[in-house]
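Encoded as structure tokens, the structure appears first; notes follow it.
A note on names: the letters A, B, ... follow the listed sequences, proteins ahead of strands, and every chain is numbered from 1. Keep in mind that what you see is a predicted model, and the values were worked out from it rather than measured.
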Number of protein chains: 2
Amino acid sequence: MGFTKHLPLHIQIKIKLEEEILNEVYDEKIPGELDLMERFSVSRSTIRQAIAALVEEGILEKRHGKGTFISLKPVEEWLGSFSTYENIIDDMGMKPYIKFLSMEMTSTPQNVAKTLEEEVFYKVKRIRYADENPVSIEENYYPLELGKKLAKFNWDNVASYSLLDSLGVKLWDAKQIITCRMPVKEECKLLNIDETIPVLFIERLNFDREGNIVEYEHSVYRSDHYAFIVKLGRNEN
Amino acid sequence: MGFTKHLPLHIQIKIKLEEEILNEVYDEKIPGELDLMERFSVSRSTIRQAIAALVEEGILEKRHGKGTFISLKPVEEWLGSFSTYENIIDDMGMKPYIKFLSMEMTSTPQNVAKTLEEEVFYKVKRIRYADENPVSIEENYYPLELGKKLAKFNWDNVASYSLLDSLGVKLWDAKQIITCRMPVKEECKLLNIDETIPVLFIERLNFDREGNIVEYEHSVYRSDHYAFIVKLGRNEN
DNA sequence: CAGTGGTCTAGACCACGAA
DNA sequence: TCGTGGTCTAGACCACTGG
């Protein structure tokens, strides 16, 4: 392996396994600890230490008596754990739906322009409903190359990250800004609200594992019936 | 120890250590692994496993060559990692200040009433400034008993959790709701804003380790100059 | 039963930090 | 140099899962 500095074995093994997992070398389950011991010619604790790190990162998941399985929590769960968009009025039974409005090329949004040099982005505009009631206007922006591929999909009622996922693009980090303002006329019309009701304005930059911007989201939520609920905990929850 | 079921040794040790840490048996540093091995009559890996769990929970912190130290991240850092309140207009140099306005007993706020049976709460009202400009109106509510103790402090320019901390109350979990609305007259006056500018409205319930409500926060932020910035990551960041 | 992960031991040597 | 945590080994037995 060239001149690998002098990383501890368990780290090297962890990296190797992680790489293989992300390259989909394994289907669902990684080899047992005995196999890995042989393969890497190390003791069991070293293997276990490597695996423990991956478990902690949410990449692997152990099942006693069965084996160690690839986890890679779906992004839905991950993002969901942060910004659960919930209805204050407690009408749980409502059906969510996202309707495609338009797709076009546009100039790079401000927020992205600071970081990237590209001048043109793909923009997808959609409206999110709860039953028949419009909830938000969502615009997703993508770099040209990625956008071209995404343009081939049907964007009705799908999560953007599931489309990204099918292209092999995984979201990893995100940065989000939350503020509010008064709606413009078009937003009032689309959301079916009065001009006197403010809207929550959310921007989110999504990054992949290497820190590249893969998606910029720009959303406007009506504030009269909805709010963001955030759970905070020191550990998992 | 009575009839301890049959918990693994490292779990028992972890619990024991955790208990001692929370009871402030140690000052800053826990005994070395050798000492603990002797004390519990177990092997080093068992001790290390117990400690690893506590490190993962953010309760301990290892320093190579020095020892294992009690961490218990200050709440500031913990809460701060979530909702960093930042100025969009990028005036970094501003000085934050929180001015005490009033303290009184009041009926239990709605949000708390759902969970608790108490009928009266202490309410502390303050205004947060950036330099000379008002940023938000913050109201903190406390259960009677706790409120009585807190009433003795000077509430100018201190974080509520630092006062709680000095009473031995540690925050552990939180639940937060973010939405927006138009300001009422009093809020316009206090925040020095026009009636046409919406405000961000944040409610937060803070819980201790046992899940008791220890604080309810109710804040109104002006939206014209400020926004919430949230960083999301799968692991630590 | 066989296979897998879970727990635990005893002992070795390394790497860092402070005196 | 000494004490601390970091890495690693070899081997043992237990507990869960599935055929």
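- A search for side-chain contact (heavy atoms from CB on, under 4.5 Å) contacts involving A:S43 returns A:S45, A:T46, not counting sequence neighbours.
- Rounding to whole angstrom units, CG of residue A:L9 and C1' of D:dT9 are separated by 11 Å.
- The side chain to side chain donor-acceptor pair (under 3.5 Å) test applied to B:N157 returns no partner, not counting sequence neighbours.
- A:N206 is listed as a side-chain neighbour of A:E217, based on a closest heavy-atom distance under 4.5 Å.
- A:E215 pairs by the salt bridge (Lys or Arg N to Asp or Glu O under 4.0 Å) definition with nothing, not counting sequence neighbours.
- Shown here are the side-chain contact (heavy atoms from CB on, under 4.5 Å) partners of A:L167, two or more places apart in sequence or in another chain: A:L146, A:K149, A:L150, A:F153, A:V169.
- The salt bridge (Lys or Arg N to Asp or Glu O under 4.0 Å) check on B:E61 picks up B:R63, with sequence neighbours excluded.
- Out of C:dT9, C:dG5, D:dT7, the shortest distance to the side chain of B:T46 is found at C:dT9.
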Protein heavy-atom contacts under 4.0 Å, written 5' to 3' over nucleotides 10-19 of chain C as B (base), S (sugar-phosphate only) or - (none), form the string --B--BBSS-
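- Qualifying side-chain contact (heavy atoms from CB on, under 4.5 Å) partners for B:P109, counting only residues two or more places apart in sequence or in other chains: B:V112, B:F121, B:Y141, B:Y216.
- A:D35 pairs by the side chain to side chain donor-acceptor pair (under 3.5 Å) definition with nothing, not counting sequence neighbours.
- Sorted by first and then second residue, the pairs that involve residues 18-27 of chain B and meet side-chain hydrogen bond (donor to acceptor under 3.5 Å, both in side chains), not counting sequence neighbours, are B:E18-B:R209, B:E20-B:Y26, B:E20-B:R39, B:Y26-B:R39.
- Of the residues in residues 47-54 of chain B, B:R48 come within less than 4.0 Å of DNA chain D through at least one heavy atom, sorted by number.
- Distance, A:K14 NZ to D:dT7 P: 12 Å, rounded to whole Å.
- DNA chain C lies under 4.0 Å from at least one heavy atom of each of the following residues of residues 28-41 of chain A: A:G32, A:E33.
- A search for side-chain contact (heavy atoms from CB on, under 4.5 Å) contacts involving B:I11 returns B:L7, B:P8, B:I15, not counting sequence neighbours.
- The phosphate of D:dT4 has neither OP1 nor OP2 within less than 4.0 Å of any side-chain N or O from B:T68.
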